[in-house]
Amino acid sequence: MIVAKTLQEFLQAREALSNGNVGFVPTMGALHQGHISLVEHSVEKCKYTVVSIFVNPTQFNNQNDLATYPRTLEADCALLEKSGVDLVFAPGVEDIYPSPDERVFDLGGLDSCGEGPRTPGHFNGVAQVVTRLFDIVKPQFAFFGQKDFQQVAIVKHFTKKLGYGIEIVQCPTLREEDGLAKSSRNTLLTPAQREAAPHIYECIKTAPELMDKMSVAEAVKHLQERINQNSELEVEYIEMVDASTLKPVEKWSDAQEIQLWCAVYARPVRLIDNVKVK
Ligand code: AMP
């Protein structure tokens, strides 16, 4: 496995992978089994697997979150090597943004709810970094986690719209044994918060059972109250959305497929999760 820490090193190493399909897994590092599950999908599907590790400043709208984001490059590389990765790209900010990126992307309105209004600029920052990485890595396949449901939908949208010809593969959310979605941010939780955090999934996974019993608005209120009953947790939002348009639904019959997504504070850490309702 080669670890390229500059653009020049990467481009040189990438040339050696030109005789087969390349699968790409973009990450911000602090890798856990959730990331590795994406790598495993890529290793199975593609001849070569490239992983990037880059904490992208343009997708953070909270400077404290950016500053405290865990960085564990050595341990990450050890995990990736064991998982069969061929090439790691761990560039500096100057490699990805030689000058400030001022591009504004058309996200097709998919950012109008959920994380969009709560983290202004986040998805435009994701589009900036992902398109830049796609241009450099030139993969045939790219693997993203359902953990970030809205992100995959938005990546699929601009990949198609910009004609990249890259197949975006959505991989299932990997969870801890107690149900908490694996996340690099879990390491920032206090022991009491870590103990409380599985309560989020425990509550939201009951959403399908609520369909026969109450309206969408009542279900949202019920789940919000149940999560907030735990004093370590504070719901920022819970929404039921049409899984394809990502617009909120008012009635269970409003969409063929409904996804519930939420953001919950275990302050100052912010956790997101989602489940399929129908
Ligand atoms: P991040 O490093 O948080 O930007 O995540 C990199 C990729 O890993 C994204 O596509 C995430 O959706 C995915 N990912 C993060 N956590 C999980 C998880 N628990 N299960 C599956 N994929 C995940």
Side-chain angles (χ1 to χ4, degrees), residues 23-45 49-62 65-66 68-73 75-77 79-80 83 85 88-91 96 110 114-115 119 122-134 137 139 141-159 166-189 194 197-198 200-201 204-205 246 259 261-264 269-276:
F24 176 44
V25 181
T27 81
M28 298 204 297
L31 301 183
H32 51 67
Q33 215 45 46
H35 298 109
I36 299 305
S37 71
L38 307 190
V39 168
E40 286 167 355
H41 278 94
S42 174
V43 167
E44 195 183 311
K45 202 172 174 77
T49 293
V50 174
V51 174
S52 64
I53 297 178
F54 179 64
V55 182
N56 172 37
T58 73
Q59 72 187 70
F60 283 81
N61 58 1
N62 177 327
D65 193 18
L66 172 62
T68 58
Y69 201 83
R71 289 164 166 85
T72 56
L73 184 61
D76 292 348
C77 288
L79 260 184
L80 295 176
S83 311
V85 169
V88 176
F89 184 33
I96 300 299
L110 296 174
E115 289 295 287
T119 58
H122 168 73
F123 287 119
N124 196 64
V126 168
Q128 289 174 339
V129 76
V130 171
T131 51
R132 176 80 176 126
L133 289 168
F134 280 178
V137 176
F141 296 87
F143 298 81
F144 291 82
Q146 187 200 306
K147 158 82 171 27
D148 299 279
F149 187 83
Q150 193 169 15
Q151 171 171 278
V152 198
I154 287 175
V155 169
K156 277 187 184 161
H157 171 82
F158 67 69
T159 300
I166 297 169
E167 185 177 324
I168 305 301
V169 183
Q170 177 176 309
C171 306
T173 302
L174 219 81
R175 298 180 180 279
E176 302 288 353
E177 270 182 20
D178 57 19
L180 174 65
K182 286 187 184 262
S183 164
S184 310
R185 290 188 171 89
N186 294 351
T187 60
L188 303 173
L189 298 171
R194 176 63 190 81
I200 302 169
Y201 180 60
I204 63 174
K205 76 177 178 195
L246 308 189
Q259 201 79 11
W261 61 31
C262 65
V264 178
V269 182
R270 188 171 177 276
L271 301 169
I272 60 168
D273 203 349
N274 66 87
V275 291
K276 183 178 166 67

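When a ligand or atom number is given, it counts from 1 through the structure's own listing order. Because the structure is predicted, anything quoted here is derived from the model rather than measured.
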Would you give the length of the straight line joining atom [atom1] of [X] to atom [atom2] of [Y], rounded to the nearest 0.5 angstrom?
X	Y	atom1	atom2	value
T49	H41	OG1	NE2	12.0 Å
I96	T58	CD1	OG1	10.0 Å
R270	L188	CZ	CG	14.0 Å

Considering heavy atoms of the protein only, find what lies nearest to [atom] and give residue, atom and distance to 0.1 Å.
atom	result
atom 20 (N) of ligand 1	L174 N, 2.8 Å
atom 4 (O) of ligand 1	M28 CG, 3.6 Å
atom 1 (P) of ligand 1	H35 NE2, 3.7 Å
atom 11 (C) of ligand 1	D148 OD2, 3.1 Å

Min N/O separation [X] to ligand 1 under 3.5 Å:
X	result
K182	yes
Q146	no
C171	no
K147	no
F144	no
G145	yes

Please list, in number order, the atoms of ligand 1 under 4.0 Å from a heavy atom of [X].
X	value
H32	16 (N), 17 (C)
T27	2 (O), 6 (C)
P172	20 (N), 21 (C)
T173	20 (N), 21 (C)
P26	6 (C), 7 (C)
L38	7 (C), 8 (O), 10 (O), 13 (C), 22 (N)

Non-hydrogen atoms of [X] and [Y] that approach each other most closely:
X	Y	value
G23	S42	CA-OG, 3.4 Å
I204	C262	CG2-SG, 4.1 Å
W261	N274	CB-CB, 3.8 Å
L246	F149	CD2-CE2, 3.8 Å

Query raised in the report: Is R132 close to F54 at the side-chain level, that is, under 4.5 Å between some pair of heavy atoms?
Result: no
Requested in this report: Check whether any side-chain heavy atom of V88 lies under 4.5 Å from a side-chain heavy atom of V50, and answer yes or no.
Outcome: no
Query raised in the report: Is R175 touching ligand 1 with its side chain, its backbone, both, or neither, if touching means heavy atoms under 4.0 Å apart?
Result: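 For R175, no heavy atom sits under 4.0 Å from ligand 1.
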Query raised in the report: Salt bridge between D273 and K205, side-chain N to carboxylate O under 4.0 Å?
Result: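 No, no charged N to carboxylate O under 4.0 Å.
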Requested in this report: Applying side-chain hydrogen bond (donor to acceptor under 3.5 Å, both in side chains) between R194 and each of T187, D178, N186, report the one that passes.
Outcome: D178
